[in-house]
Amino acid sequence: MGSVIRTLLDVPERENGGRTAYDRFDFQTAWGLSKVIELHQADANYAVGFEFHDDLVELDDANAPATAVFYQMKSLDSGHWTLSRILDRPVAGKTKQTLKSSIAGKMFDNIKRFGEVVDKLVMVSNQPLSEVGPCYEEVPLATLAEADVKKFVTAMKLECKGFKETDHLGFFHYEQCRLGLESYEEALFGQVGMLLHERNIDARPIPFTLHLVNEGRRRSKQLAKVKNFEELKRSKFMTREQVEGWLTELDGETSYRPSWETASKHLHLDHRREIALSREWHSYMAERKRRWSAATLEMASGVKAKTSTVIDAAAEFVDGVNAAVPLVSAQVRKWKPGASDNFVFAVVLYEYMR
């Protein structure tokens, strides 16, 4: 275990030409989250890394990892993959004197870099590998036809110094995933919906899915400077503990919501102010549910932390809420630009009553 953690911390990441920005969430993130949900439903103590040495990395255990699976994601609009395409080495530069690494060569680089840490090297695509045919499961390349295996081994020996069939062929796998380029968003929404249903959490799947997407994207950014394995996991990995925490928070959001009737009776307001605040209270309650995300949770917990002591210390409840409003006005308006004073008041009141 210690050697695995030390290796993950010490081996520098390969040069990265810049992470891609997406208007809608991308296929690679969707597949990574699909893998996370699959592992969560299987009760695995997983840790899935996003853009960490490869497109995705799966540790066999989040706390005491012994091995890692490295996934290389490649999508195609149509057609299929072939061994020749996976082994192809494009020319580099105008002189055409240098060849770039093939897809398989890049995968083998993880063995050179990580050694015994590697459990498998898996290329994942939405399209089939012609030498396998349509098959929605992980296929070891060692099980291909003898001529195909020989072709793969010969090309790898030419490209990668140190490649040995007996030592390394067994690491390589191909998986045609079930996500389609035209429907992966809907498929992930459905998968999250099933997870919420299994947990008896009465919440719409889209906000929680988008929360997971944002967390996956954040982990896909350049690696922050980390001092230990726990910081590395927070920076680049999604773990069972993290997802379980988000599910617990979401369950709490949906299983208990303070009522306006209970909150308002402590304020002793005239009817006009009470009506105005009631509208903002219910507006915030609906928007809070619709926009459930890390940013919303951060704003809500921040409001509660900054205002509870002030309200508790006030002689009159309404005076305490009024005194607390200026403390969090900027924070609430950052979450909801243009929010009225009554809306901020409603946010303070709602979060205090939760």
Side-chain angles (χ1 to χ4, degrees), residues 4-40 44 46-62 65 67-76 86 100-114 117-126 171 173-175 177 179 181 184-185 188 209-243 246 293-294:
V4 174
I5 293 175
R6 193 73 262 155
T7 302
L8 292 172
L9 288 170
D10 290 346
V11 174
E13 283 202 282
R14 287 187 287 249
E15 288 296 318
N16 192 298
R19 311 296 183 186
T20 305
Y22 304 94
D23 290 328
R24 62 179 203 166
F25 63 86
D26 58 289
F27 180 80
Q28 181 174 306
T29 300
W31 189 83
L33 293 174
S34 179
K35 171 64 71 173
V36 165
I37 295 169
E38 174 188 318
L39 292 168
H40 200 90
Y46 59 86
V48 175
F50 290 74
E51 296 276 10
F52 182 60
H53 294 290
D54 218 324
D55 293 332
L56 289 153
V57 179
E58 176 192 337
L59 303 183
D60 63 328
D61 188 88
T67 59
V69 180
F70 293 82
Y71 295 96
Q72 181 82 200
M73 299 291 303
K74 297 292 180 183
S75 60
L76 288 176
I86 294 172
K100 296 181 180 179
S101 297
S102 68
I103 293 173
K106 291 179 180 178
M107 294 168 70
F108 181 71
D109 186 56
N110 285 317
I111 291 180
K112 293 190 292 184
R113 290 155 62 81
F114 292 98
V117 170
V118 180
D119 178 41
K120 287 187 292 187
L121 305 169
V122 186
M123 178 177 165
V124 180
S125 181
N126 60 306
F171 286 102
H173 295 68
Y174 186 90
E175 179 179 346
C177 69
L179 296 183
L181 284 182
Y184 64 84
E185 291 173 312
L188 187 59
T209 304
L210 296 180
H211 167 70
L212 293 177
V213 167
N214 287 335
E215 291 295 323
R217 279 176 165 175
R218 183 174 65 80
R219 286 159 175 77
S220 295
K221 296 178 181 178
Q222 195 66 36
L223 175 65
K225 291 183 179 180
V226 296
K227 299 177 181 178
N228 54 54
F229 187 51
E230 290 303 316
E231 290 183 1
L232 176 63
K233 285 193 291 185
R234 287 194 293 271
S235 176
K236 298 299 292 182
F237 286 82
M238 196 172 289
T239 67
R240 178 175 191 82
E241 182 180 10
Q242 292 167 355
V243 175
W246 295 328
S293 65

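Along the sequence shown, residues carry numbers from 1. Model, not experiment: these values are computed from the prediction.
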Query raised in the report: Who pairs with Tyr174 by ring pair (Phe, Tyr, Trp, His ring centres under 6.0 Å), at least two apart in sequence or on another chain?
Result: none
Query raised in the report: Distance-only, no hydrogens or angles: does the Asn126 side chain make a donor-acceptor pair with backbone N or O of Cys177 under 3.5 Å?
Result: no
Report task. Please name the pair of heavy atoms, one in Ser34 and one in Leu179, separated by the smallest distance, quoted to 0.1 Å. Result -> CB-CD1, 4.4 Å
Requested in this report: Determine the minimum heavy-atom distance between Ile86 and Ser102, stating which atoms define it.
Outcome: O-CB, 3.5 Å
Query raised in the report: Which residues satisfy the side-chain hydrogen bond (donor to acceptor under 3.5 Å, both in side chains) test with Asp119, sequence neighbours excluded?
Result: none
Query raised in the report: So, the side chain of Lys233 versus the backbone of Ala62: is there a donor-acceptor pair under 3.5 Å, distance only?
Result: yes
Query raised in the report: Taking the side chain as C-beta and beyond, is there a heavy-atom pair between His40 and Tyr46 under 4.5 Å?
Result: yes
Report task. Could you tell me which residues satisfy side-chain contact (heavy atoms from CB on, under 4.5 Å) with Glu241, sequence neighbours excluded, listed by chain and number? Result -> Thr239
Query raised in the report: Is any side-chain heavy atom of Gln72 less than 4.5 Å from a side-chain heavy atom of Leu121?
Result: no
Report summary line: Contacts of Ser75 meeting side-chain hydrogen bond (donor to acceptor under 3.5 Å, both in side chains) (sequence neighbours excluded), chain-then-number -> none
Query raised in the report: Would a 4.5 Å heavy-atom cut-off, applied to side chains only, mark Val57 and Lys236 as touching?
Result: no
Query - Heavy-atom check, side chain of Leu212 versus side chain of Val36, under 4.5 Å - result: no
Query raised in the report: With a 4.5 Å limit on heavy-atom distance, are the side chains of Ile103 and Met123 in contact?
Result: yes
Report task. Report yes if some heavy atom in the side chain of Gln28 is under 4.5 Å from a heavy atom in the side chain of Glu51; otherwise report no. Result -> yes
Query - Test side-chain hydrogen bond (donor to acceptor under 3.5 Å, both in side chains) applied to His173 - qualifying residues, sequence neighbours left out - result: none
Query raised in the report: Shortest non-hydrogen contact from Phe171 to Val118?
Result: CE2-O, 3.3 Å
Report task. Indicate the atoms forming the closest heavy-atom contact of Ser125 with Lys74, along with that distance. Result -> OG-O, 2.6 Å
Report summary line: Scanning both residues in full, the closest heavy-atom pair of Thr29 with Phe50 reads O-CE2, 4.3 Å
Query raised in the report: For Glu175, which residues count as a salt bridge (charged side-chain N to carboxylate O under 4.0 Å, His left out) partner, sequence neighbours excluded?
Result: none
Report task. Over all heavy atoms of both residues, which pair between Met238 and Gln242 is shortest? Give the atoms and the distance, please. Result -> CA-OE1, 3.2 Å
**Report entry** Gap between atom CG of Asp55 and atom CH2 of Trp31 - 0.5 Å precision
**Finding:** 9.5 Å
